[in-house]
Amino acid sequence: MSKLNELTIEEAAKQLRARELTVRELWDACEAAARAKNPELNAYLEIFDADEVAITAAQERIDAGDASLLCGIPLAIKDNILIEGKLASAASVMLKNYTATYDATVITKLKEAGALFVGRTNMDEFAMGSSTEHSAFGPTKNPHDTSRVPGGSSGGSAAAVAGNLAIAALGSDTGGSIRQPAALTGLVGLKPTYGAVSRSGLIALGSSLDQIGPLAKSVADAHLLYTAIKGSDARDATSIPDSLYPAKEVRKVMRIGVPRHLLTEGVDKDVNAAFTALLEKLSDAGHTIVDVELPTSAHALAAYYVIMPAEVSTNLARLDGIRYGHAMQGATLLDDYIDSRTEGFGKETRRRVLLGTFVLSSGYIDAYYKKADAARSVLRAEYDTAFESVDVIAFPTTPSPAFTFGEKSDPLSMYLGDIFTITANLTGMPAISIPMGTVEREGKQLPVGIHFTAPHQAEEILFAIGASVEKVR
Ligand code: GLN
């Protein structure tokens, strides 16, 4: 039998209801594992003390026959999601003393479901990065090989779940920050349809791209968490009603579109081989593999790295050392701004603010930002067309498994690793990463993931194909 902290949500919920386990025992197991393993992994920036009131309340609800399967489940929360009364630093010096004054909508929903919070997890500063090396509070290590990154930016949430320091977690995804760390740590990660989950209480990065979503040990757990946090919200004007988009049929046998033209150079041979092998198994299980052409994908990365920094530069403008956040006193007001932002922001954040300010400046907005925005529309149209003949589109989540610390110190090489995940954020479509096996590096088996995109609000299709993958792999 697995240790309590190794359980999935489903398993823990079942044992709690069968009286084989108490909420207290489950919490204690997770907290103890978190405290024991965090010094090595640095998955959490803070581990919370047991919330006795919440633990007792959760137990009472279960004893009374509560139906919420998240009741009493210890979760890890990314440090850019506000929990009232707790620090929320987005792993930045700028916000290192910022205490949240309200709950993010997802937190309100999880509290209503009776979930417990183990702590706030490490991340790349403001969620910019793919390795968690850009945290102001030191990198997080991958539980599968501590000489390697867990991915990012939700690397802390991924390491917390993969290392069994929590049962499941929430992350945020602007260009892959849930799916990529999920792939590199052997988890399921879902980026919901844009607007499906409220962004109220998420520290904004790229407002037209950001979504909160689950990192979990199984598709069923990701499904449970997603169902608990989704829904339109008066506090987020961009959140959408449940059936804004036409409903899509969830077929037993799916047509899986594969853009083979994207699987060429830049993707590790053994990652491609694992992907092809899994497709074969899916085909043996009855699904159909269809070639699709998505020519504009070649420009997706460029479009993302214009639009995303543009939104970053506007969202982070408020952190000026005057209103809140890290404040420095200079000789003039301008010095106040410059000193506060130079000290408060790390290198990657400053790089993106500069880039974003440039592409939005009056001389360059047409050449860069507006072109990128046009490319975004074309991409979305291409995907919409592809979905007329396929149910999902598949590729590997990442071109390679987890890399070593410092290996991608050149920012461009880091950005290139986002090639497969960013498009779902640009199109607003939901996407999921599911473990597809391992590849070997330096004698270690490292997890890699398969990535599926579905039409807007067709998350159920992703969960269905995810369940198929779990069955055949
Ligand atoms: N790695 C991507 C970036 O650095 C995605 C980040 C994210 O999804 N938050 O922009």
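When reading the values below, keep in mind they use all heavy atoms of this one structure, side chains included, and skip hydrogens, waters and symmetry mates. In each ligand, atom 1 is the first atom listed, and ligand 1 is the first ligand listed.
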For this session: Of all the heavy-atom pairs spanning S131 and D124, show the shortest one and how long it is.
Result: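 Shortest heavy-atom contact: N-OD2, 3.3 Å.
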Problem set entry | Residues in the immediate environment of ligand 1 (any heavy atom closer than 4.0 angstrom) |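 Around ligand 1, where the cutoff is 4.0 Å for heavy atoms, the contacting residues are A127, M128, G129, S130, S153, D173, T174, G175, G176, S177, L205, Y304, Y305, M308, R352, D418.
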Problem set entry | Reference residue R179; test side-chain hydrogen bond (donor to acceptor under 3.5 Å, both in side chains); the match among T397, D173, T421 |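 Only one option passes, and that is D173.
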For this session: Please name all residues satisfying ring pair (Phe, Tyr, Trp, His ring centres under 6.0 Å) with H144, sequence neighbours left out, ordered by chain then number.
Result: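 Residues passing ring pair (Phe, Tyr, Trp, His ring centres under 6.0 Å) with H144: none at all.
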Problem set entry | Residue pairs fulfilling side chain to side chain donor-acceptor pair (under 3.5 Å) with at least one residue in residues 315-324, sequence neighbours excluded |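 Qualifying pairs: S207-N315, N315-R318, D320-R323.
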Exercise. Angle class for the F345/F126 ring planes (parallel below 30°, perpendicular above 60°, tilted otherwise)?
Worked result: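 Correct class here is perpendicular.
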Exercise. With A33, which residues qualify under side-chain contact (heavy atoms from CB on, under 4.5 Å), at least two apart?
Worked result: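 Partners of A33 under the side-chain contact (heavy atoms from CB on, under 4.5 Å) test: N5.
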